[in-house]
Amino acid sequence: MERPRVIAKSGRAPSYEALCRDFSWAQARAWLDGLPGGRGLNIAHEAVTRHARSGLGRQIAIRWLGKRGERRELDYAALERASNRFANALAAAGVGPGERVFSLLGRIPELYVAALGTLKNRSVLAPLFSAFGPEPIAARLRIGDARLLVTTEAAYRKKIAPIAAGFPRLQVMLVGEDERLTSVPGTLDWARAMRAAADELEIGPTSPEDMALLHFTSGTTGKPKGAVHVHEAVVMHHATGRLALDLRPGDVFWCTADPGWVTGTSYGIVSPLTVGATLLVDEADFDAERWLRILEEERVDVWYTAPTAVRMMMRGGTELVRARRYPALRFISSVGEPLNPEAVFWGLDAFDLPIHDNWWQTETGGIMVANFAGMEIRPGSMGKVLPGVEAAIVRGGREGEPFELVREPGVEGELALRPGWPSMFRGYLGEEERYRKCFVEGWYLTGDLAKRDADGYLWFVGRADDVIKSAGHLIGPFEVESALIEHPAVAEAGVIGRPDPVAMEVVKAFVALKPGFEPSDALAQELVGHARKRLGAAIAPKEIAFLPGLPRTRSGKIMRRLLKARELGLPEGDTSTLEGGT
Ligand code: ATP
Ligand code: MG
């Protein structure tokens with residue numbers, strides 16, 4: 001079936017043009033309060049304290065759904081008191097401003113309290129994904145020069161005890177099961193420390209330039225980097241929550257990303273709280289039925305998820321979704337990977353709402369390119385650049401190559417951004433040279449290839465490292481994957497270039513099938529034929545291999561570099577963020 005090329009804007013959100021006209025960073029700063037007495041800008045003040053002090057105290061800040069069906073709610077006043085306590089407990093433990101506080105916790109309430117309390121103490125929050133094993137944990141603690149780690153007793157015994165000797169300066173605070181006291185000699189106990197700490201606090205002077213967050217990248221293309229963010233980032237978190245996610249005070253907002261990744265902190269903690277929304281937290285992992293039940297029963301207004309979750313839901317068909325009703329649901333968006341056009345249409349079929357793709361990176365700290373609520377969607381496009389940010393398509397600039405701006409529409413190049421927005425990263429910790437190399441002639445080079453159409457929509461082509469050069473063509477894997485998943489048998493596809501003496505590279509696709517389909521030569525032929533019809537013979541894959549599932553990062557991104565390494569029998573490189581690895 002031919003699909004329309006645009007989806008008309010819905011709702012009453014202002015147009016993109018109106019957003020651009022009315023937006024300035026001065027305005028975005030004025031949406032926030034700043035610390036009382038002109039003492040600066042602190043993320044946690046904007047997220048919690050100002051609401052607790054201005055009449056929103058009784059509103060639910062966090063609604064937590066436990067794995068085993070438990071349910072807990074913290075209103076803004078309770079979150080204020082608890083995070084004050086944690087800040088005071090940190091100070092009592094001798095942890096000062098600028099020092100790094102790591103968390104290694106599942107999505108439990110303590111994680112959110114620790115995150116906000118750390119920021120209140122003006123220490124630096126470095127959240128780790130809780131499923132990491134000892135090695136990746138050690139590597140990140142080392143990069144971050146960790147001062148304190150909050151984790152559970154069970155995780156400590158399994159993952160920290162074996163590496164603890166390497167970190168003589170590190171203090172560990174343990175969260176016990178069911179609030180029971182922990183009993184590991186030489187560690188602090190969460191419950192005891194919290195009880196001993198006062199629940200009142202005046203946040204100390206915080207410069208907008210003070211380091212606030214240390215985020216490790218997903219490691220999709222190699223060894224993860226530690227991106228440094230400052231308190232001023234909150235201006236961006238707040239503004240993009242309103243503009244790009246359509247967040248409004250009182251909304252129930254569900255960001256399904258784990259706070260171990262930047263999305264789960266910027267939008268899974270900070271942004272919705274600054275807006276005065278209710279943050280929904282689900283401790284459990286993905287399960288289509290559970291997620292749909294949550295969307296319905298918790299009356300989620302705005303849902304921020306990832307293409308991989310959408311594709312997993314698509315595997316189950318629309319019936320599962322349509323068996324429930326979602327009258328509150330107003331806006332769905334997705335980030336982390338390109339969103340195939342088929343997924344946008346699937347949203348329309350299943351939820352009667354399109355899925356709004358947006359693009360950003362750990363380095364940018366917040367949403368940079370988005371399908372805004374008041375904009376028509378062009379499925380397959382990541383949208384337009386955020387008001388207040390300048391984007392360009394560029395060529396060259398690396399390793400001394402000549403640098404040029406690409407002005408013609410529809411021409412591929414690297415996506416570049418003009419630095420200056422508040423959540424721009426301030427460095428890769430301990431990797432000064434690598435940081436410097438990201439900038440050329442005043443532009444930040446993102447490492448992603450894209451093109452811009454005549455109307456300013458940006459279209460993702462691929463990561464620079466993943467792009468395939470075949471018989472004189474530059475082929476973005478996303479385009480090929482999107483065509484393949486239009487086929488009814490295909491659940492997911494990952495496309496690589498396999499070196500070839502004649503064509504330089506040939507396009508090879510790895511495909512995971514939907515339930516009810518079996519791999520066969522005939523099906524492979526059919527998929528090649530389908531892709532040829534859609535893309536032409538030059539771009540369509542020449543080879544198809546079936547896999548039960550694709551290798552992905554724990555943050556849900558297909559790891560094409562791993563598909564390629566395995567194909568070529570090369571070393572797999574850093575796989576610390578590989579899902580299912582340790
Ligand atoms: P590493 O830098 O360690 O290789 P990573 O780039 O995957 O890992 P993140 O910062 O988590 O780490 O991911 C940002 C990247 O994810 C972007 O640069 C882009 O390649 C991809 N991405 C994010 N959102 C989108 C999107 N909407 N469309 C296409 N790609 C996206
Ligand atoms: Mg990256």
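Every number for a ligand or one of its atoms is a count from 1 in the order of the listing. Start at 1 with the first residue, then count along the sequence. None of these values were measured; they are calculated from a predicted model.
- For atom 12 (O) of ligand 1, the closest non-hydrogen atom of the protein is Ser218 N, 3.2 Å.
- Using a 4.0 Å cut-off between heavy atoms, Trp359 contacts ligand 1 through both its backbone and its side chain.
- Shortest contact from atom 6 (O) of ligand 1 to any protein heavy atom: Arg463 NH1, 3.1 Å.
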In sequence, state the C-alpha distance, the side-chain angles, and the governing distance for Phe351 and Leu295, and then conclude on side chain to side chain contact (heavy atoms under 4.5 Å, CB included).
CA-CA 11 Å; Phe351 289 101; Leu295 288 170; 4.0 Å; yes
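- Heavy atoms only, all atoms of each residue included: Gly494 and Leu550 are closest at N-CD1, 3.6 Å.
- Regarding atom 22 (N) of ligand 1, its nearest protein heavy-atom neighbour is Gly336 O, 3.3 Å.
- Nearest protein heavy-atom contact of atom 13 (O) of ligand 1 is Lys557 NZ, 2.9 Å.
- The closest heavy-atom contact to atom 18 (O) of ligand 1, among the options Val461, Thr364, Asp448, Asp465, comes from Asp448.
- Nearest protein neighbour of atom 26 (C) of ligand 1, counting heavy atoms only, is Glu337 O, 3.3 Å.
- Scanning the protein heavy atoms around atom 9 (P) of ligand 1, the nearest turns out to be Thr362 OG1, 3.4 Å.
- When non-hydrogen atoms are compared, ligand 1 lies under 4.0 Å from the side chain of Asp357 (C-beta onward) but not from its backbone.
- At a heavy-atom cutoff of 4.0 Å, ligand 1 is contacted by the backbone of Trp360 but not by its side chain.
- A side-chain donor from one of His238 and Arg242 sits under 3.5 Å from a side-chain acceptor of the other.
- Here Gln361 has heavy atoms under 4.0 Å from ligand 1 in both its backbone and its side chain.
- Distance from atom 29 (C) of ligand 1 to its nearest protein heavy atom, with residue and atom name: Pro338 N, 3.1 Å.
- Protein heavy atom nearest atom 7 (O) of ligand 1, with residue, atom name and distance: Thr220 OG1, 2.4 Å.
- Neither side chain, Thr220 nor Ser218, offers a donor N or O lying under 3.5 Å from an acceptor on the other.
- Checking Ile367, Asn358, Asp466 against atom 27 (N) of ligand 1, the nearest heavy atom belongs to Asn358.
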